[in-house]
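Order of the sequence lines fixes the chain letters, A, B, ..., with proteins taken first and strands second; residue numbering starts at 1 for each chain.
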Amino acid sequence: MTMRTRFAPSPTGVLHIGGARTALFNWLLARRHGGAFVLRIEDTDTERSTRESIDRIIEAMSWLGLQADEGPVLQTDRLDRYRAVARQLLDAGLAYHCYCSREELAAMREDQRSRGLKPRYDGRCRTRTRPVPGADAVVRFKTPEAGRVRVRDLIRGEVTFDNSELDDLVILRPDGVPTYNFSVVVDDSDMGITHVVRGDDHLNNTPRQINILNALGLRLPEYAHVPMILGADGSRLSKRHGAVNVTDYREAGYLPEAVLNYMVRLGWSHGDQELFDVDEMIGAFSLEQVNESAAAFDPDKFLWVNEQWIRRTPSARISPLLATFLEGDGVEDADLNTGPPLEEIVEVQRHRARTLTEMAEKSRFVYNEPDTYAPKAAKQHLRGVALPVLRRLHQCLGELGEWSVETTQAAVESVADELTLKMGKVAQPLRVAVTGESASPGIGQTLALIGQEKTLRRLAKAVEFVEARIARTR
RNA sequence: GAUCCGGUGGGCGAAUGGUUAAGCCACGAGGCUUUCAACCUCGUAAUUGCGGGUUCGAAUCCCGUCCGGAUCCCCA
């Protein structure tokens with residue numbers, strides 16, 4: 001039988017790292033085994049589900065390249081089907097109507113809890129023969145009272161639950177909308193899902209689902225419960241831990257390849273390999289190597305992975321992305337067009353940036369003249385002693401016929417020789433003058449990217465700055 | 001509280017009864033150097049949560065215990 005996996009998010013928010021990794025694992029499995037990956041939207045919580053969330057989830061998945069082979073299938077489009085299955089259970093005496101009010105149930109639970117018991121529905125409507133007038137009716141599944149359920153989990157091994165620990169769960173609300181544990185079972189079965197791979201927060205739900213499957217006489221899928229992703233402090237990953245939404249990472253200048261790569265290594269490993277492109281993941285992924293323990297999300301390592309991908313991704317692909325980040329950073333569209341080819345900037349910066357945001361920040365100097373000098377840098381390098389250096393630099397660079405990394409580099413070196421100064425005394429003032437910062441790419445590269453005209457203008461401005469400063473201290 | 005799952009350096013994790021417990025991130029030192037990076041070298045860091053047991057031998061198997069997480073909703 002061909003493998004069929006699925007990702008079944010509830011559209012009550014955006015796609016976050018945990019969900020994305022679950023989607024990735026499912027997608028990888030399907031790709032690896034030549035099967036199908038289905039996207040199902042679990043929107044039976046009509047209060048909280050939104051169309052916008054659906055769109056955002058799909059958008060995030062497509063940014064990551066996790067295309068579904070089938071779907072999205074919306075559960076709200078299948079309500080008739082769930083009702084029919086519930087009817088079937090009702091007719092077979094495997095489910096019953098319950099008229100208990102929410103208040104009554106809450107009181108029951110509180111009472112049990114106060115007595116140190118596990119809160120469970122006590123089945124008081126099980127034997128009811130006629131409806132309660134005026135009361136809403138839900139449908140409850142009749143959980144077997146005795147026996148145990150064995151879950152064969154591909155990651156955890158065999159996990160058993162005692163039916164006495166379970167209670168009769170609601171499968172249909174008064175309005176005929178199914179609850180999670182029921183719709184999941186019907187859908188996974190109808191869709192021919194062979195492998196249910198999901199977060200281990202669902203492990204405890206599995207015996208209930210298996211009981212329903214058994215009552216319906218349906219075949220059980222394989223289960224694999226993957227460990228959760230925790231925040232750096234060991235608690236469940238949440239907004240407190242910084243960005244957790246996939247889209248946040250796109251905006252922060254992460255490459256989808258890097259997001260995928262970092263996620264796949266969270267809870268899964270393949271020897272000591274750290275970097276995987278999508279094809280490598282598909283070729284190497286297996287449930288057997290998925291860890292059993294929860295993993296903490298580590299922003300530092302994520303940054304490192306992104307840096308690795310910035311390095312190995314062709315500049316032709318990075319350039320247009322860099323352009324949008326530069327624009328977001330205040331660089332004019334027109335300047336982008338008249339400036340140096342973006343590929344050149346990428347080549348120069350790819351070892352110096354861990355994110356595209358960082359790359360853009362560090363590349364602004366190419367287009368925009370510094371409006372202020374970094375205080376520390378100015379204090380240290382734009383001093384009186386630098387004045388003759390800057391003037392001489394302005395002259396020599398102004399006389400340069402060909403403007404390139406090599407020629408500008410040579411010019412700066414010859415000025416240093418001529419004034420018998422070490423490179424640091426020449427390149428640093430110059431760097432601050434043209435970039436406003438004390439750190440930038442190699443001085444030749446920096447000048448080549450800025451261009452002769454702008455370099456000279458900035459140099460002149462720096463000379464004025466130093467002159468003014470001397471005048472002031474006098 | 002009950003049930004279920006988990007626990008290897010600060011983080012990710014390798015090692016599925018057998019040499020000094022891999023590798024990566026982070027961190028520290030040095031090298032290179034016009035700055036920042038990158039790169040190279042070296043280093044700090046674990047009595048495998050703890051306690052017992054089985055065994056010639058235990059991170060690995062068994063028992064107990066502690067800690068963490070999940071579930072116990074007309075959320076998914």
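Heavy atoms of Gly267(A) sit under 4.0 angstrom from primed sugar atoms or phosphate atoms, though from no base atom. Within 4.0 Å (heavy atoms only), Leu203(A) reaches sugar-phosphate atoms of the nucleic acid but no base atom. Backbone-only contact: Ser293(A) has heavy atoms under 4.0 Å from sugar-phosphate atoms and none from a base. Note on Gln445(A): nothing from the nucleic acid sits closer than 4.0 angstrom, heavy atoms only. At the heavy-atom level, Ser183(A) lies nowhere under 4.0 Å from the strands shown.
Spacing of C1' atoms, C67(B) relative to G49(B), comes out at 7 Å, to the nearest Å. Rounded to whole Å, the C1' atom of A29(B) lies 23 Å from the corresponding atom of U34(B). Distance noted for atom C1' between G51(B) and A58(B): 15 Å (whole Å). The same atom, P, is picked in C66(B) and in C50(B); the two are 15 Å apart, to the nearest Å. Spacing of P atoms, A46(B) relative to U8(B), comes out at 15 Å, to the nearest Å. The P atoms of G53(B) and C4(B) are separated by 27 Å, rounded to the nearest whole Å. For U60(B) and G6(B), the P atoms lie 14 Å apart once the distance is rounded to whole Å. Separating the P atom of C27(B) from that of A37(B) is a span of 11 Å, rounded to the nearest Å.
One atom, CG of Leu303(A), and another, C1' of G11(B), lie 14 Å apart when rounded to the nearest Å. Atoms CZ (Phe276(A)) and C1' (C12(B)) sit 12 Å apart, rounded to a whole Å. Atom CD1 in Ile229(A) sits about 15 Å away from atom C1' in G6(B), given to the nearest Å. Rounding to whole angstrom units, CG of residue Leu430(A) and P of C36(B) are separated by 16 Å. One interatomic measurement links the two molecules: CZ of Phe365(A) to P of U35(B), which rounds to 16 Å at whole-angstrom precision. Between the CG atom of Leu449(A) and the P atom of C36(B) there is a distance of 19 Å, given to the nearest Å. Taking atom CD of residue Glu158(A) and atom P of nucleotide C4(B), one finds them 13 Å apart after rounding to whole Å.
Here the OH-CE distance, from Tyr121(A) to Met108(A), works out to 5.5 Å after rounding to the nearest 0.5 Å.
The side chain of Lys301(A) lies closest to C12(B), out of A15(B), G6(B), C12(B). Nearest to the side chain of His351(A), among A38(B), G11(B), C24(B), sits A38(B). Taking every side-chain heavy atom of Ser269(A) into account, G13(B) is the closest of G13(B), U35(B), C4(B). In the set G11(B), G6(B), G13(B), G13(B) carries the atom at the smallest distance from any side-chain atom of Asn291(A). Comparing atom distances between the Ile443(A) side chain and each of A26(B), U34(B), G11(B) picks out U34(B) as nearest.
Across the strands present, U3(B) finds its partner in A70(B); the criterion is a Watson-Crick or G-U wobble pair with both atom distances under 3.5 angstrom. The partner of U20(B) is absent, by the rule that a Watson-Crick or G-U pair needs both atom distances under 3.5 Å. Across all strands shown, C39(B) forms a Watson-Crick or G-U wobble pair, both distances under 3.5 Å, with G31(B). Across the strands present, U60(B) finds no partner; the criterion is a Watson-Crick or G-U wobble pair with both atom distances under 3.5 angstrom.
Judged by distance alone, with hydrogens and angles left aside, Lys362(A) brings no side-chain donor or acceptor close enough to the base of C36(B) to form a pair under 3.5 Å. For Arg156(A) and C5(B), a side-chain-to-base donor-acceptor distance below 3.5 Å is absent, hydrogens and geometry of angles not being considered. The base of G1(B) does not come close enough to the side chain of Gln112(A) for any donor and acceptor atom to sit less than 3.5 Å apart.
For Ser269(A) (side chain) and Gly271(A) (main-chain N/O), no donor-acceptor pair under 3.5 Å exists by modelled atom type. With hydrogens and angles ignored, the 3.5 Å screen pairs no side-chain donor or acceptor of Glu347(A) with any backbone N or O of Glu344(A). Although no hydrogens or angles enter the test, the distance criterion places no donor-acceptor pair under 3.5 Å between the side chain of Asn26(A) and the main chain of Phe7(A). Within the 3.5 Å criterion, the main-chain N or O of Pro178(A) finds a donor-acceptor partner in the side chain of Arg173(A). Without hydrogens or angle criteria, Arg431(A) side chain to Ala439(A) main chain gives no donor-acceptor distance under 3.5 Å.
Asp167(A) has no carboxylate O lying under 4.0 Å from a charged side-chain N of Lys118(A), or vice versa, which leaves the two without a salt bridge.
For an aromatic pair to be called close, the ring centres must be under 6.0 Å apart, and Tyr262(A) with Phe297(A) satisfies this. Here Tyr96(A) and Phe141(A) keep their ring centres 6.0 angstrom or further from each other. Ring centroids of His202(A) and Tyr180(A) are separated by less than 6.0 Å, placing the two rings close together.
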Nucleotides 71-76 of chain B: protein proximity per nucleotide (B base, S sugar-phosphate only, - neither; heavy atom, under 4.0 Å): SBSBBB
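Ranked by how close their nearest RNA chain B nucleotide is to the 5' end, Leu266(A) and Phe302(A) are led by Leu266(A).
Side-chain polar atoms of Arg198(A) and Thr206(A) form a donor-acceptor pair below 3.5 angstrom.
Exactly one of Leu400(A), Thr408(A), Thr407(A) qualifies for a side-chain contact (heavy atoms from CB on, under 4.5 Å) with Ser404(A). That residue is Thr407(A).
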Between the protein and nucleotides 31-33 of chain B, list the N/O to N/O atom pairs that are separated by less than 3.5 angstrom.
none

